[in-house]
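Below: the structure, in structure tokens.
Computation of the quantities below employed the complete heavy-atom set of this structure, encompassing side-chain atoms and omitting hydrogens, waters and symmetry-equivalent molecules.
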Number of protein chains: 2
Amino acid sequence: MTGRRQEIRERNRLSLIEAVLDSVAEKGISETSVSEIIQRANLSRGMIHLHFGGKDNLVDEAARYSSEQYYNGIYDLLEATGQTGQEHIEMIVRGDLSETILNKKNVSIWYAFRGEARNRAAIAAFSDTRDAKLRNLVFNAFARIAKETGTEHPNQVARDATHGTLAMLEGMWTDYLLHPDSFDRDEAMRIVFRFLRAMFPKHFDLNGAVLSE
Amino acid sequence: MTGRRQEIRERNRLSLIEAVLDSVAEKGISETSVSEIIQRANLSRGMIHLHFGGKDNLVDEAARYSSEQYYNGIYDLLEATGQTGQEHIEMIVRGDLSETILNKKNVSIWYAFRGEARNRAAIAAFSDTRDAKLRNLVFNAFARIAKETGTEHPNQVARDATHGTLAMLEGMWTDYLLHPDSFDRDEAMRIVFRFLRAMFPKHFDLNGAVLSE
DNA sequence: GATTTAAATGGACGATTGTCCATTTTGTGA
DNA sequence: TCACAAAATGGACAATCGTCCATTTAAATC
């Protein structure tokens, strides 16, 4: 009646997924073997086949789970902010570069899966950091900003600003991947906002990152 | 006397490296086995041990070689351009997004190695797309531009512009990785230059990408 | 052309891979 | 408490992994 059985089952299932993510983060994909996974999850060898039908499916599921965690993190932040375009943008940029989201483990996992994306459709589907939903949020925020500036082609400007901003954030992640210890979050933020301020002087004038010079 | 012996030896060595890169591009790192490599190179099993002492060393060397190819491509372009800051920047951006450098094979290889970078120091050393040399080139170009604008802190502005521009290019590469068929080079270029125009209106006004709206 | 020797071959080897199922364990309902 | 069934176990299995070396091939030297 307690459903204890199903509860244990689901806990084990999740243990396997988290074991994969831990292993991928620490050892990389190529060293994430079945033996490695079941050892970390402290479960028996047959569990992978039982729960996922095979190792590949488990890894795909781990990629999906990891991606979901990322988006949940971002969306949670957005609910705690104001409604103006610049507030949204600022929160997304700040969140994307925050310790909670941009940290060694997440970055290791993210890039490990990216490396496999080209050869595994299931992984490619979950390795786009900037999915349609997030893109739309950013676009709508920029569209509001662009319209307020009275520019000639606000949608086109907003589209380009979205694309460029998300690309720049991607690049910052890569910086962090390659130089995690010398990476400076404030600097990254300041740079993104310097570009945004250049495009929308009235909206990002005193906002955003530390404006040190 | 002809050195025919050494010539064959070096050709075989190179065949192994190129076989690794082909395999990594087509099948990914995890499926790039010794058997796969020697089959592509049409050489015998022992050659890897003979030339490189083991598979790992060969893969590291392939990463180094691939990185070298990238930089040579960029530097070649720079020699064929003018000397103003904006000409340099434009050539680097244009080159970085050109078919010669940004194509499916290169991107597959690059991201495959990136995925391993965190766990293999030898690969990490060669997976920084924007090494000190290239960074300096970009920085010097922006420094000249910034000084001409008479801004207050030209070096700081140039540093940020360098960081932001290279980050944005990284992001464009990721776009290409994940959506190679819908990726639009002109659009990517236009966006980069839209940001640069916002920061340096006088220098990128009529330059760079197609200015369609 | 004979000799020397560097280069290349290809299979043997033990270790490790992922899959799968006969068996055991354990929660659930009678 | 017992019988049932779902869940978990752990080892057998063939396949594949990378390494290494005894042997063969062929370029270089005499």
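Counting atom types as modelled, A:Arg4 pairs no side-chain N or O with a base atom of C:dT28 as donor and acceptor under 3.5 Å. Counting atom types as modelled, A:Arg5 pairs a side-chain N or O with a base atom of D:dA6 as donor and acceptor under 3.5 Å.
Residue A:Ser35 places at least one side-chain N or O closer than 4.0 Å to OP1 or OP2 of C:dT17. Side-chain N/O atoms of A:Ser33 include none lying less than 4.0 angstrom from OP1 or OP2 on C:dT16. In this structure, B:Ser44 does not reach the C:dG10 phosphate: none of its side-chain N or O atoms is under 4.0 Å from OP1 or OP2.
Between A:Asp22 and A:Lys27, no side-chain nitrogen of the basic residue sits less than 4.0 Å from a carboxylate oxygen of the acidic one, so the salt-bridge criterion is not met.
A cation-pi arrangement is present between A:Arg114 and A:Tyr111, with the terminal nitrogen or guanidinium carbon under 6.0 Å from the aromatic centre and inside a 45° cone about the axis.
One can place CZ of B:Phe52 at 15 Å from P of D:dG18, the figure rounded to the nearest angstrom. Put simply, CG on B:Leu50 is 18 Å from P on C:dT5, counting in whole angstrom units. Following rounding to the nearest Å, A:Ile38 (CD1) and D:dG10 (P) show an atom-to-atom distance of 9 Å. Going from atom CD of B:Glu31 over to atom C1' of C:dG18 covers 13 Å, rounded to whole Å. At whole-Å resolution of the value, CD in B:Glu7 and P in D:dA28 are 9 Å apart. For B:Ile37 and D:dC17, the CD1 to C1' distance is 12 Å, given to the nearest whole Å. Rounded to whole angstrom, the span from the CD atom of B:Gln6 across to the P atom of D:dT29 amounts to 12 Å. Rounded to whole Å, the distance from CZ on B:Arg9 to P on D:dA27 is 15 Å.
Among the protein residues, B:Asn12 comes within range of the sugar-phosphate backbone only, with heavy atoms under 4.0 Å from sugar or phosphate atoms but none that close to a base. Here A:Ile48 lies out of heavy-atom contact (under 4.0 Å) with every strand. At a threshold of 4.0 angstrom between heavy atoms, the contacts of B:Arg45 include nucleobase atoms, whether or not backbone atoms are also involved.
Both B:His49 and A:Asn42 lie close to DNA chain D; mapped to their nearest nucleotides by heavy-atom distance, the more 5′-ward contact belongs to A:Asn42. The nearest heavy atom of DNA chain C to B:His51 and to A:Met47 marks one nucleotide each, and the one closer to the 5' end goes with B:His51.
Considering B:Phe113, B:Tyr75, B:Trp110 as possible partners of B:Tyr70, the one that fulfils the ring pair (Phe, Tyr, Trp, His ring centres under 6.0 Å) test is B:Trp110.
Using a 3.5 Å distance cut-off with no hydrogens or angles, the side chains of A:Glu87 and A:Gln83 do not pair a donor with an acceptor.
When the nucleotides D:dA8, D:dA27, D:dG18 are ranked by their closest atom to the side chain of B:Ile8, D:dA27 comes out on top.
The number of heavy-atom neighbours closer than 6.0 Å to CD of A:Gln39, taken from other residues, nucleotides and ligands shown, is 12 or below.
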